[in-house]
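Order of appearance sets the numbers: ligands from 1, and atoms from 1 within every ligand. If you're wondering where the values come from, they're calculated on a predicted model, not measured in any experiment. When reading the values below, keep in mind they use all heavy atoms of this one structure, side chains included, and skip hydrogens, waters and symmetry mates.
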Amino acid sequence: MSLIFRVETLAEIGSTNDALKARALSGTEEGVVLRADVQTAGKGRRGRNWVSEAGNLYMSMLLRPGKSPAEAATLGFVAAIALGRLLRAVLSVPVQHKWPNDVLVDDRKISGILLESGGVTGGKVDWLVLGIGVNLRHHPAETLYPTTDLLAVGGPALTPDQALDLLLGEFHPLYEAWLASGFAGVRADWLAHCRGLGEPIVARLEREEISGRFEDIDADGTLLLRMNSGELKRVAAGDIFMVPRPAA
Ligand code: BTN
């Protein structure tokens, strides 16, 4: 049966991801979407915080797709494709995907995705919480990667509710396609707009930094990095940075 979203809106919360995780653990059905005007403890990837003042979109959705942990982990790419489509529909500047799940507008990060999961029964995850933040009206200054927001790049003054409606509209058919055919069905879509593919990059991992050429992503979203030695490194988690081209 097709997924039906049930949107709940709050003025303020710690983290929409944390609140939905608690509900996932107490058995809430999939389809709940929690949006907050403000988060006081917004979470980013890899233990970072996500500045969450009023004006931007902060939302999480609870899903129970019945996928293995490896398959479930690719849902972040699906969400990034949905965000990319939404932004391309309202902007005339380049919109690209940055591995793993960021969306860049004019080469600056405009959104973030935090996918969390829990419990494995019979090889399938019990729940997924897909958290998405989109910079609509403002963006933080001090960040690992340059950032921007929709207004700053000449986009419309969307309210968080309008942005959420558009996002759910883009996400729903992609989610159904992913449920039916997995990441294989949407991988080409993500790659078609990928930033840095075939180019030199630096990957910052938990304990080291490695550099090489961004060769591809594989069937489970792992980044394949061709090192200068010729060795192919598989990068499952980390942050990547483009290597600036030398001036001509
Ligand atoms: C990133 O580091 O790029 C991921 C950021 C994810 C932020 C969103 S905002 C809504 C949801 N609730 C959170 O606490 N985090 C995610």
Inset, instruction - Kindly state each residue pair satisfying ring-ring contact (aromatic ring centres under 6.0 Å, His included) with at least one member in residues 145-173, sequence neighbours excluded. - result: Phe5-His172, Phe171-Tyr175

Inset, instruction - Assess whether salt bridge (Lys or Arg N to Asp or Glu O under 4.0 Å) is satisfied between Asp216 and Arg187, documenting all intermediate values. - result: CA-CA 11 Å; Asp216 203 353; Arg187 178 175 162 273; 3.0 Å; yes

Legend entry - Heavy-atom neighbours of Glu206 CD exceed 12 at 6.0 Å: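 Counting other residues, nucleotides and ligands, CD of Glu206 stays at 12 neighbours or fewer.
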
Atoms in ligand 1 with a heavy atom of [X] nearer than 4.0 Å:
X      : answer
Lys43  : 5 (C), 6 (C), 7 (C), 13 (C), 14 (O), 15 (N), 16 (C)
Thr16  : 10 (C), 11 (C), 12 (N)
Gly133 : 8 (C), 9 (S)
Gly42  : 14 (O)

Legend entry - Donor-acceptor under 3.5 Å (Lys98 side chain, Ile240 main chain):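 Indeed, once roles are kept as given, a pair shorter than 3.5 Å links the two residues.
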
Inset, instruction - Just go through Ala36, Ala19, Ser15, Gly47 and tell me whose heavy atom is the nearest to atom 14 (O) of ligand 1. - result: Ser15

Legend entry - Option with minimal heavy-atom separation from atom 13 (C) of ligand 1, where the choices are Gln39, Lys98, Met59: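 When every heavy atom of Gln39, Lys98, Met59 is considered, Gln39 comes closest to atom 13 (C) of ligand 1.
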
Inset, instruction - Would you mind telling me if ligand 1 is within reach of the side chain of Ile132, the backbone, both or neither, using heavy atoms under 4.0 Å? - result: backbone

Legend entry - For ligand 1, the portion of Asn101 having any non-hydrogen atom under 4.0 Å away: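 Answer for Asn101: neither.
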
Legend entry - Heavy-atom nearest neighbour in the protein, as seen from atom 5 (C) of ligand 1, with distance rounded to 0.1 Å: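 Answer for atom 5 (C) of ligand 1: Trp50 CE3, 3.3 Å.
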
Inset, instruction - Begin from the C-alpha positions of Asp37 and Arg35 and carry the test salt bridge (Lys or Arg N to Asp or Glu O under 4.0 Å) through to its verdict. - result: CA-CA 7 Å; Asp37 292 337; Arg35 185 187 77 68; 2.9 Å; yes

Legend entry - Close side-chain approach of Leu25 and Asp126, heavy atoms under 4.5 Å: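 Counting from C-beta outward, Leu25 and Asp126 never come under 4.5 Å.
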
Legend entry - Within-cut-off N or O pair, Arg45 and ligand 1, under 3.5 Å: yes

Inset, instruction - Look only at interatomic distance and state if Lys109 has a nitrogen or oxygen under 3.5 Å from any nitrogen or oxygen of ligand 1. - result: yes

Inset, instruction - Please list, chain by chain and in numerical order, all residues satisfying side chain to side chain donor-acceptor pair (under 3.5 Å) with Glu53, sequence neighbours excluded. - result: none

Inset, instruction - Would you kindly say whether Ser15 and Asn17 are connected by a side-chain donor-acceptor distance under 3.5 Å? - result: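 No.
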
